Amino acid sequence: AQKVTQAQTEISVVEKEDVTLDCVYETRDTTYYLFWYKQPPSGELVFLIRRNSFDEQNEISGRYSWNFQKSTSSFNFTITASQVVDSAVYFCALSEGASGTYKYIFGTGTRLKVLA
Amino acid sequence: GAVVSQHPSRVICKSGTSVKIECRSLDFQATTMFWYRQFPKKSLMLMATSNEGSKATYEQGVEKDKFLINHASLTLSTLTVTSAHPEDSSFYICSARTFGAGGYNEQFFGPGTRLTVL
């Protein structure tokens with residue numbers, strides 16, 4: 001069965017610190033997609049990244065970077081030099097390709113608080 | 001592109017009334033739409049998958065008679081919460097699926113509807 005685990009419920013950091021949000025997933029499919037979303041207090045989900053199972057290359061986008069390791073079934077997200085505006089709940093999600101349902105399975109989310 | 005809207009953004013109703021929430025894909029056709037429910041400080045839980053022109057597929061534990069879903073066109077799906085009760089108060093989010101340029105499945109999320117049942 002598919003599952004996404006975000007063990008960190010809440011993280012607090014001081015502005016300019018680096019922070020890593022962990023995501024561990026379970027799936028039997030060889031084809032799948034992983035996502036990260038940001039949910040600010042307004043509630044609207046903001047898409048951050050999509051990664052397919054065949055692409056293990058790490059990605060950097062500005063202060064954001066992602067580390068995908070199939071060997072450990074992890075897709076971790078790092079924010080460098082955090083800012084107060086980064087405060088939000090971050091969700092990791094998994095979508096399996098073979099099932100044909102295209103459902104997203106979300107982790108429980110990590111609430112990030114960046115203190116000034 | 002790929003914008004999904006929801007209406008209303010916020011609704012307050014009395015217990016026992018029914019509430020309809022609309023989800024529209026504004027600039028693309030969505031063969032599949034999904035409805036999620038999110039309790040305060042909790043994750044998004046998939047309620048049902050809605051395919052245009054056919055009956056919705058509900059997740060285990062979701063009452064289909066309570067949460068009526070209609071997907072009458074390729075750009076519109078509606079969720080009706082029938083005989084709402086305070087425990088139905090929640091944040092409801094829809095998403096619409098389309099295929100990206102690389103052939104991958106991608107969902108675009110609406111801004112959500114906050115339902116409060118008094």
Side-chain angles (χ1 to χ4, degrees), chain A residues 1-11 21 23 25 27 29-55 57 87-113, chain B residues 1-6 8-11 21 23 30-52 54 56-60 62 89-116:
Chain A
Q2 63 272 36
K3 185 179 177 181
V4 176
T5 301
Q6 293 180 256
Q8 304 150 308
T9 306
E10 187 168 313
I11 302 175
L21 309 182
C23 173
Y25 63 92
T27 178
D29 279 6
T30 55
T31 302
Y32 53 90
Y33 300 91
L34 295 164
F35 305 83
W36 275 96
Y37 287 89
K38 174 182 181 179
Q39 188 178 43
S42 64
E44 185 162 2
L45 288 175
V46 177
F47 168 79
L48 296 178
I49 191 172
R50 173 190 57 249
R51 175 63 82 225
N52 74 55
S53 53
F54 299 108
D55 181 4
Q57 206 169 17
S87 298
V89 180
Y90 291 85
F91 290 99
C92 179
L94 164 71
S95 176
E96 293 176 327
S99 66
T101 63
Y102 308 105
K103 295 191 290 188
Y104 282 21
I105 304 300
F106 283 86
T108 49
T110 297
R111 183 176 300 274
L112 174 64
K113 292 184 178 179
Chain B
V3 178
V4 176
S5 71
Q6 279 185 245
S9 58
R10 187 180 294 266
V11 57
I21 302 170
C23 176
T31 53
T32 305
M33 289 185 172
F34 301 86
W35 286 95
Y36 296 84
R37 181 175 182 176
Q38 186 180 28
F39 288 107
K41 298 190 177 183
K42 297 294 183 182
S43 185
L44 283 76
M45 300 303 296
L46 180 65
M47 299 174 66
T49 302
S50 165
N51 290 299
E52 185 266 336
S54 62
T57 302
Y58 291 81
E59 295 298 302
Q60 196 170 12
V62 177
S89 298
S90 192
F91 191 54
Y92 293 89
I93 304 174
C94 74
S95 70
R97 179 176 76 88
T98 185
F99 280 106
Y104 49 76
N105 142 56
E106 183 153 10
Q107 289 186 30
F108 297 93
F109 288 84
T113 296
R114 194 164 302 281
L115 170 64
T116 302

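Order of the sequence lines fixes the chain letters, A, B, ..., with proteins taken first and strands second; residue numbering starts at 1 for each chain. Computed from a prediction, not measured in an experiment: that's the story for all the values here. FYI, side chains are in, hydrogens and waters are out, and symmetry mates aren't considered; it's all heavy atoms of this structure.
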**Asked** How about A:Tyr104 and B:Tyr36: are their ring centroids closer than 6.0 Å?
**Response** no
**Item:** Donor-acceptor contact present, side-chain A:Thr108 to main-chain B:Ser43, <3.5 Å
**Value:** no
**Message:** Between A:Phe106 and chain B, with a heavy-atom cut-off of 4.5 Å, which part of the residue counts as in contact: side chain, backbone, both or neither?
**Reply:** both
**Message:** Please classify the contact of B:Gln6 with chain A as side chain, backbone, both or neither, using a heavy-atom distance under 4.5 Å.
**Reply:** neither
**Message:** Within the 4.5 Å heavy-atom criterion, are A:Lys103 and B:Thr57 side-chain neighbours or not?
**Reply:** no
**Asked** Is it the backbone or the side chain of A:Gln39 that comes under 4.5 Å from a heavy atom of chain B, or both, or neither?
**Response** side chain
**Request:** Using a cut-off of under 4.5 Å on heavy-atom pairs, state which of A:Ser42, A:Gly43, A:Gly109, A:Ala93 scores highest against chain B.
**Result:** A:Gly43
**Contacting moiety of B:Leu46, where chain A heavy atoms sit under 4.5 Å** = side chain
**Request:** Work out which heavy atom in B:Lys42 is nearest to a heavy atom in A:Phe91; give both atom names and the distance.
**Result:** O-CZ, 3.9 Å
**Request:** Compare every heavy atom of B:Gly110 with every heavy atom of A:Glu44, then report the nearest pair and how far apart it is.
**Result:** CG-O, 4.5 Å
**Item:** Closest approach of B:Gln107 to A:Tyr37 (non-hydrogen atoms, all atoms of both residues)
**Value:** O-OH, 3.8 Å
**Message:** Just verifying a value: how many Å separate A:Phe47 CZ and B:Phe109 CZ, rounded to the nearest 0.5 Å?
**Reply:** 10.5 Å
